[in-house]
Amino acid sequence: MNENNLLDFIRKMQDSTDYLGIDELEDQYVYKIYARNAYAGVWLKGKNGFLISRYKIGPRPYLFIEYHWDTGEPLGTVKPLGLIEKCPFAIKESYNDIEKQKILEYLDKLEENNPVVNGVNSLQNRKMAAIAFEQRLAAQSRKPRRRRIYQQEF
């Protein structure tokens, strides 16, 4: 399988109604998900969202909540596809750095071990995209900027 299979999966999921509804989910269980920023997440019933490991800029993830599709636009971005397991961590409002790191590693490992498309490492794809984005931002900041001089007419 290759990256085209992941793109085909993403296109299919955009219009798919084949996902678990809010009432079918168990609080603090991990699900395989189709989401904007991850493919595994812990369902948090009180937030109507999933705790995920998000890569945005660079190689370091952070904890983030994405909301169930059925919460509606523009926030609903997650379609849960199937149960993985009960989350072994106590879910709370904030974590120290060590706790955050353990949860991030746990979620990343689950995504790697439960691919949404067989043969595709979506975690590696997300990391590489975030690193490439960081490099583009760095390159832009090094470019000399042209200053526009405006003349005021009287």
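Worth knowing before you read on, the calculation uses all heavy atoms, side chains too, and leaves out hydrogens, waters and symmetry mates. Index from 1, following the sequence.
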Heavy-atom side-chain proximity of Lys45 to Leu25 below 4.5 angstrom: no
Looking at [X] and [Y], what are the two nearest heavy atoms and their distance?
{"X": "Pro115", "Y": "Val120", "value": "CB-O, 3.7 Å"}
{"X": "Asp18", "Y": "Met13", "value": "O-CE, 4.5 Å"}
{"X": "Glu112", "Y": "Asn121", "value": "OE2-ND2, 3.4 Å"}
{"X": "Ile33", "Y": "Gly41", "value": "CD1-N, 3.9 Å"}

Flag, side chain of [X] to backbone of [Y], donor-acceptor distance under 3.5 Å:
{"X": "Asn48", "Y": "Tyr67", "answer": "no"}
{"X": "Glu105", "Y": "Lys102", "answer": "no"}
{"X": "Lys79", "Y": "His68", "answer": "no"}
{"X": "Lys127", "Y": "Tyr55", "answer": "no"}

Under 4.5 Å between side-chain heavy atoms, hopping through other hydrophobics if needed: is there a path connecting [X] to [Y]?
{"X": "Leu110", "Y": "Leu104", "answer": "yes"}
{"X": "Leu44", "Y": "Leu75", "answer": "yes"}
{"X": "Leu107", "Y": "Tyr62", "answer": "no"}
{"X": "Ile22", "Y": "Ile52", "answer": "yes"}
{"X": "Leu63", "Y": "Ile65", "answer": "yes"}

Between Ser53 and Glu111, a side-chain donor and acceptor under 3.5 Å: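 Short answer, no.
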Does a donor on one side chain sit under 3.5 Å from an acceptor on the other, for Asn114 and Tyr39? no
Under 30°, 30 to 60°, or over 60°: which ring-plane class applies to Tyr31 and Phe50, parallel, tilted or perpendicular?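 It falls in the perpendicular class, over 60°.
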Any chance you could lay out the side chain to side chain contact (heavy atoms under 4.5 Å, CB included) test for Arg126 and Leu123, step after step, and finish with the verdict? CA-CA 5 Å; Arg126 293 189 309 114; Leu123 176 66; 3.5 Å; yes
To the nearest 0.5 Å, what is the distance between [atom1] ([X]) and [atom2] ([Y])?
{"X": "Phe133", "Y": "Lys56", "atom1": "CZ", "atom2": "NZ", "answer": "7.5 Å"}
{"X": "Ser122", "Y": "Asp108", "atom1": "OG", "atom2": "CG", "answer": "9.5 Å"}
{"X": "Asp70", "Y": "Thr17", "atom1": "CG", "atom2": "OG1", "answer": "10.5 Å"}
{"X": "Lys12", "Y": "Leu7", "atom1": "NZ", "atom2": "CG", "answer": "14.0 Å"}

Go through the steps for Met128 and Ile131 under the test side chain to side chain contact (heavy atoms under 4.5 Å, CB included), then give the verdict. CA-CA 5 Å; Met128 289 175 15; Ile131 291 167; 5.6 Å; no
Does Lys47 pair with Glu93 as a salt bridge, N-O distance under 4.0 Å? yes
Decide side chain to side chain contact (heavy atoms under 4.5 Å, CB included) for Tyr34 and Tyr19; before the verdict, give the C-alpha distance in whole Å, the side-chain angles of both, and the deciding distance to 0.1 Å. CA-CA 9 Å; Tyr34 162 73; Tyr19 60 90; over 6 Å; no
Donor-acceptor pairs under 3.5 Å, side chain of residues 80-92 to any protein atom, not counting sequence neighbours: which ones?
residue, atom, partner, partner atom, Å
Glu85, OE2, Tyr106, OH, 2.7
Lys92, NZ, Glu99, OE1, 3.3
Lys92, NZ, Glu99, OE2, 2.9

